[in-house]
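One structure below.
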Amino acid sequence: MPFTLATWNINSVRLRESIVCKLLEEEAPDVLCLQECKSPVDKIPMDQFRALGYTHMVARGQKGYNGVAILSKLPLVDAGGEDYASLGHARHVAATLENGVTIHNFYVPAGGDVPDREVNEKFGQKLDYLTEVRDAFHANRPEKSILVGDLNIAPREDDVWNHKNLLKIVSHTPIEVKHLAETQESGKWVDITRQDIPEGLLYSWWSYRAKDWDEADKGRRLDHVWATSDIANAGHGSRVLRAARGWEKPSDHAPVFATFDL
DNA sequence: ATGACGTATTCTATACGA
């Protein structure tokens with residue numbers, strides 16, 4: 001049975017409960033992975049989501065920051081959440097579907113402003129986080145798995161509005177791209193979005209600070225859908241719901257979708 | 001080059017986002 005999955009950095013699930021419901025009603029993915037819920041798990045507004053058919057949730061949360069959740073119409077089994085780099089943050093959760101597919105939902109650290117770990121501890125934490133994830137996949141090679149989330153790195157030249165201008169901007173520096181590539185390689189992950197849409201500019205995030213985000217279009221592709229190579233050929237139908245960036249009181253991220261025939 | 005905006009908590013200021 002094919003299923004459709006979406007990943008969305010929601011930037012407060014409680015403040016944006018209404019647009020989460022709008023997405024669930026209008027697009028009806030089978031599974032929705034959220035990042036930056038900024039809420040303890042027990043304060044996520046599950047009743048509204050449940051009423052729309054999303055009766056299953058696996059989540060990790062904390063007060064104020066971070067937080068990841070997997071909402072689903074399909075039954076889920078909690079497959080754990082790891083505190084990579086021992087930051088004490090809720091940035092990862094995994095769940096397994098009845099078809100045996102495990103979904104990993106990540107919110108990788110943003111990394112601060114200065115791309116130098118000697119002067120900016122957060123940048124080092126971002127690199128260390130990716131290194132720990134890389135080593136975990138190397139030690140235990142995933143199979144039948146999907147990895148989604150806000151990875152906070154736009155790896156390709158056509159994942160950003162201006163490659164040259166962003167080479168020294170956190171999210172597009174060569175060392176971050178290298179760390180992300182090593183993490184991808186260690187799990188034999190296939191970038192499903194770029195498998196489906198191999199060419200051309202593609203973004204999933206636009207800053208709140210632009211006067212007209214749509215007109216300026218200074219975006220970055222920070223949100224990703226990967227799958228292990230054994231199921232990558234089942235992935236198709238990738239798209240970014242750019243319109244959601246223009247909804248009322250939007251997140252600065254747009255949802256990214258993919259469908260898997262499994 | 002800078003600053004632009006938005007959210008949550010510590011709440012009329014600060015930390016964080018990228």
Side-chain angles (χ1 to χ4, degrees), chain A residues 7-20 34-45 59-69 85 87-92 105-117 119-130 149-180 201-224 240 242 244-256:
Chain A
T7 178
W8 196 10
N9 179 318
I10 194 61
N11 188 15
S12 174
V13 69
R14 284 183 279 170
L15 191 70
R16 282 183 243 291
E17 175 185 335
S18 64
I19 62 168
V20 173
L34 297 172
Q35 304 87 35
E36 281 206 271
C37 296
K38 296 187 174 181
S39 172
V41 172
D42 63 6
K43 293 188 175 174
I44 293 175
R60 295 294 184 276
Q62 61 186 97
K63 187 177 175 182
Y65 305 108
N66 308 314
V68 285
L87 300 172
H89 295 172
R91 296 182 175 274
H92 168 257
N105 181 15
F106 277 95
Y107 175 48
V108 171
D113 281 331
V114 182
D116 179 350
R117 69 189 307 154
V119 297
N120 170 22
E121 181 185 38
K122 288 180 183 171
F123 193 72
Q125 289 173 347
K126 181 179 196 173
L127 299 180
D128 293 346
Y129 189 94
L130 290 165
D150 179 1
L151 305 186
N152 265 319
I153 295 173
R156 293 175 27 152
E157 292 191 18
D158 53 1
D159 291 337
V160 296
W161 66 277
N162 187 316
H163 168 63
K164 281 189 174 179
N165 282 13
L166 289 170
L167 278 170
K168 293 181 178 177
I169 302 297
V170 173
S171 73
H172 193 60
T173 64
I175 191 169
E176 289 171 89
V177 172
K178 179 171 181 283
H179 276 68
L180 188 67
L201 300 175
L202 188 63
Y203 313 139
S204 64
W205 172 88
W206 295 262
S207 172
Y208 283 125
R209 296 180 184 187
K211 285 190 181 73
D212 185 339
W213 69 273
D214 195 28
E215 172 64 25
D217 201 21
K218 293 182 176 180
R220 306 177 199 172
R221 188 172 70 103
L222 303 179
D223 302 277
H224 298 266
V240 176
R242 182 180 172 116
R245 181 62 179 78
W247 288 353
E248 187 179 0
K249 286 192 74 177
S251 168
D252 45 356
H253 294 252
V256 181

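Reminder, nothing fancy here: chain letters follow the sequence lines and each chain counts from 1.
Scanning residues 10-20 of chain A for heavy-atom distances under 4.0 Å to DNA chain B yields A:Asn11, A:Ser12, A:Leu15, A:Arg16.
Taking atom OH of residue A:Tyr107 and atom C1' of nucleotide B:dG17, one finds them 6 Å apart after rounding to whole Å. Atom CG in A:Asp252 sits roughly 17 Å away from atom P in B:dC16 (whole-Å rounding). One interatomic measurement links the two molecules: CD of A:Glu36 to P of B:dC16, which rounds to 13 Å at whole-angstrom precision. Protein atom CG of A:Asn9 is 17 Å distant from nucleotide atom P of B:dC16, rounded to whole Å. Atom pair A:Phe123:CZ and B:dC16:P shows a separation of 17 Å (rounding to whole Å applied). Distance, A:Asn165 CG to B:dA18 P: 20 Å, rounded to whole Å. The interatomic distance linking A:His224 (NE2) with B:dA18 (C1') rounds to 13 Å, in whole Å. For A:Lys126 and B:dC16, the NZ to P distance is 16 Å, given to the nearest whole Å.
Taking atom P in both B:dC11 and B:dC5, the straight-line distance is 24 Å, to the nearest Å. For the C1' atoms, the distance linking B:dC16 with B:dT10 amounts to 13 Å, nearest Å. Straight-line distance between the C1' atoms of B:dA1 and B:dA13: roughly 26 Å, to the nearest whole Å. B:dT2 and B:dG6 have their P atoms separated by 22 Å, with the value rounded to a whole Å.
Nearest heavy atom pair, residue A:Val177 against residue A:Ala154, reads CG2-O, 4.2 Å.
In this structure, OG1 in A:Thr173 is found 9.5 Å from NE2 in A:His179, a value given to the nearest 0.5 Å. Atom CG of A:Leu34 and atom OG of A:Ser39 lie 11.0 Å apart (nearest 0.5 Å).
A:Thr7 and A:Gln35 share a donor-acceptor pair across their side chains, judged by distance under 3.5 Å alone.
For B:dG17, the OP1/OP2 oxygens have a side-chain nitrogen or oxygen of A:Lys122 closer than 4.0 Å. Between A:Tyr65 and B:dT14, a side-chain N or O to OP1/OP2 separation shorter than 4.0 Å is absent. Between B:dT10 and A:Lys63, a contact under 4.0 Å exists linking OP1 or OP2 to a side-chain N or O. Checking the phosphate oxygens (OP1, OP2) of B:dA18, a side-chain nitrogen or oxygen of A:His253 falls inside 4.0 Å.
Ionic pairing of A:Lys218 and A:Asp212 is not present here: no N-O contact between side-chain nitrogen and carboxylate oxygen is shorter than 4.0 angstrom.
Nucleic acid contact for A:Asp150: sugar-phosphate only, since backbone atoms but no base atoms lie under 4.0 Å from a heavy atom of the residue. Among the heavy atoms of the strands, none lies under 4.0 Å from A:Ile169.
Taking for each of A:Ala110 and A:Lys249 the nucleotide of DNA chain B with the nearest heavy atom, the 5'-most of the two is the partner of A:Lys249.
Annotation: cation-pi pair A:Arg245/A:Trp213 present, NZ/CZ under 6.0 Å from the ring centroid and within 45° of its normal.
A side chain to side chain donor-acceptor pair (under 3.5 Å) with A:Asn11 is found for one member of A:His253, A:Glu36, A:Lys249, A:Lys38 and no other, namely A:Lys38. Test A:Arg221, A:His163, A:Arg156 against A:His172 for side chain to side chain donor-acceptor pair (under 3.5 Å) and you get one pass: A:His163.
Applying the ring-ring contact (aromatic ring centres under 6.0 Å, His included) rule to A:Tyr129 yields the partners A:Tyr84; only residues at least two apart in sequence or on another chain are considered.
Ring geometry for A:Trp247 against A:Trp8 counts as perpendicular: the plane angle is over 60°, on a 0 to 90° scale with 30° as the lower cut.
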Sort me out a list of protein N/O and nucleotides 1-4 of chain B N/O pairs below 3.5 Å, or just none if empty.
unit_1 : atom_1 : unit_2   : atom_2 : d
B:dA4  : N7     : A:Arg209 : NH1    : 3.2
B:dA4  : N6     : A:Arg209 : NH1    : 2.0
B:dA4  : N1     : A:Arg209 : NH1    : 3.3

